[in-house]
Every structure is written in structure tokens, then in C-alpha cells.
Amino acid sequence: QVQLVESGGGLVHPGGSLRLSCATSGGIFRTYVMAWYRQAPGLQRELVAAITSGGRLNYADSVKGRFTISRDNAKNTVYLQMNSLKPEDTAVYYCNRNESISGRVYWGQGTQVTVSS
């Protein structure tokens with residue numbers, strides 16, 4: 001079975017930090033584009049950050065300079081380091097796996113991030 005399991009979400013005060021992780025299985029991780037999306041209540045799901053198999057990075061303008069995506073191919077894991085968190089970062093964060101060879105896309109169940117005083 002293909003699995004994407006997110007962890008690291010929680011409640012944090014504005015200005016705080018969290019690190020999300022996504023462990024995936026069932027394929028050749030090093031060949032995939034991995035990404036983090038988020039969806040806040042009442043809003044569309046949006047791309048937060050992505051990293052290609054070659055390490056090319058892409059970030060939403062709203063998180064540039066604050067969030068960092070990285071991957072550890074030996075652990076089949078992608079991370080999202082989130083610094084200087086703002087209330088508007090509150091959302092469910094989803095791990096996304098895009099298989100460049102097959103074209104198949106998979107999603108994790110999501111992890112809640114709440115930024116509040």
C-alpha cells in the first residue's frame with residue numbers, strides 16, 4: 001500500500017516554530033516530486049512548498065523566507081520547517097507525492113497546525 005503519514009503538527013503561538021514530517025512508502029522515493037499543501041477552513045487548498053527529485057525548490061510567496069522544505073531520500077521522508085508562524089498559517093497541512101514516472105499522485109491524511117495566542 002502507498003502511505004503518506006504526516007506528523008509534527010500542533011498548537012503554537014505567533015512567532016513560534018514547528019517542523020512537519022511526512023514518511024512515505026510503496027515506491028521509489030528519490031524519483032518523486034514531494035510537496036506540502038495546506039487548507040484553511042473556508043479556503044482552497046494551496047501549495048506551500050515543493051521539492052523535486054533533483055532538489056529544486058518552490059515556495060508560495062506567503063511563506064518565502066519563513067518555511068523550508070527538505071527531503072531525506074534515505075529515510076523516504078520530506079520535512080517542512082516552519083518558522084515565524086503567523087495566525088494565517090493555521091490550516092491542515094497535507095503531504096503530497098507526485099510520481100514523475102507514472103504520473104500518479106497521492107495525499108496524506110493531513111496534520112493540523114494552529115497558530116494562536
Side-chain angles (χ1 to χ4, degrees):
Q1 294 181 353
V2 173
Q3 283 189 291
L4 288 77
V5 182
E6 301 102 331
S7 62
L11 192 153
V12 64
H13 293 305
S17 297
L18 288 171
R19 190 179 79 152
L20 307 183
S21 64
C22 172
T24 186
S25 62
I28 309 172
F29 179 80
R30 63 177 175 82
T31 70
Y32 304 150
V33 176
M34 300 297 299
W36 289 95
Y37 288 72
R38 68 186 181 187
Q39 187 167 20
L43 300 179
Q44 294 288 317
R45 187 174 298 187
E46 64 174 347
L47 175 68
V48 176
I51 182 167
T52 71
S53 61
R56 188 182 301 274
L57 307 175
N58 198 11
Y59 295 98
D61 287 342
S62 60
V63 307
K64 285 181 178 177
R66 299 189 297 120
F67 291 9
T68 303
I69 189 171
S70 61
R71 66 193 297 159
D72 186 338
N73 290 338
K75 297 183 181 297
N76 294 345
T77 300
V78 64
Y79 304 94
L80 185 68
Q81 179 66 47
M82 310 165 66
N83 298 326
S84 302
L85 283 162
K86 305 174 180 179
E88 51 263 45
D89 296 318
T90 296
V92 177
Y93 284 71
Y94 296 93
C95 184
N96 172 272
R97 163 173 151 181
N98 188 305
E99 300 183 0
S100 301
I101 297 173
S102 71
R104 296 200 287 190
V105 178
Y106 299 92
W107 295 90
Q109 292 293 301
T111 185
Q112 177 71 49
V113 172
T114 302
V115 185
S116 176
S117 299

statement: Value for CZ (R19) from OG1 (T68), rounded to nearest 0.5 Å, stands at 11.5 Å
task: May I ask you to check whether over 12 heavy atoms, not counting those of L43, lie within 6.0 Å of atom CG?
output: yes
Going by atom type alone, with no hydrogens or angles, which donor-acceptor pairs under 3.5 Å involve a side-chain atom of residues 2-16 and a protein atom two or more places apart or on another chain?
residue, atom, partner, partner atom, Å
E6, OE1, Q109, N, 3.1
E6, OE1, G110, N, 3.0
E6, OE2, C95, N, 2.8
E6, OE2, G110, N, 3.2
S7, OG, S21, OG, 2.7
H13, ND1, S116, O, 3.1

Between CD on residue Q81 and CG on residue L20, distance to nearest 0.5 Å: 9.0 Å
- prompt: Can you check side-chain contact (heavy atoms from CB on, under 4.5 Å) on R66 and M82, steps first, answer last?
  reply: CA-CA 6 Å; R66 299 189 297 120; M82 310 165 66; over 6 Å; no
task: Working to the nearest 0.5 Å, report the span between SG of C22 and CG of L80.
output: 10.5 Å
- prompt: At what distance, to the nearest 0.5 angstrom, does CG of N98 lie from OG1 of T52?
  reply: 11.0 Å
query: Do other residues, nucleotides or ligands put more than 12 heavy atoms under 6.0 Å from Q44 CD?
result: no
task: Could you name each residue pair satisfying salt bridge (charged side-chain N to carboxylate O under 4.0 Å, His left out) that touches residues 68-77, not counting sequence neighbours?
output: none
message: Before you tell me yes or no, could you show the steps for K86 and D89 under salt bridge (Lys or Arg N to Asp or Glu O under 4.0 Å), namely the whole-Å CA-CA distance, both residues' side-chain angles and the distance that decides it to 0.1 Å?
response: CA-CA 5 Å; K86 305 174 180 179; D89 296 318; over 6 Å; no
- prompt: Which other residues end up in the same hydrophobic cluster as V105, if Ile, Leu, Val, Met, Phe, Trp and Tyr are linked when side-chain heavy atoms come under 4.5 Å apart?
  reply: Y37, L47, V92, Y94, W107
- request: Given side-chain contact (heavy atoms from CB on, under 4.5 Å), test T114 with Q112 step by step and report yes or no.
  value: CA-CA 6 Å; T114 302; Q112 177 71 49; 3.3 Å; yes
Shortest non-hydrogen separation from V78 to F29 and the atoms involved: N-CZ, 4.2 Å
Residue pairs passing the ring pair (Phe, Tyr, Trp, His ring centres under 6.0 Å) test where at least one lies in residues 56-93, sequence neighbours excluded: none
message: Return the CG to CD1 distance between N58 and I69, rounded to the nearest 0.5 Å.
response: 9.5 Å
task: Could I get the full list of side chain to side chain contact (heavy atoms under 4.5 Å, CB included) partners for R104, not counting sequence neighbours?
output: E99, S102, Y106
- prompt: Under the side-chain hydrogen bond (donor to acceptor under 3.5 Å, both in side chains) rule, what pairs show up with a residue in residues 23-35, not counting sequence neighbours?
  reply: T24-R97, Y32-R97
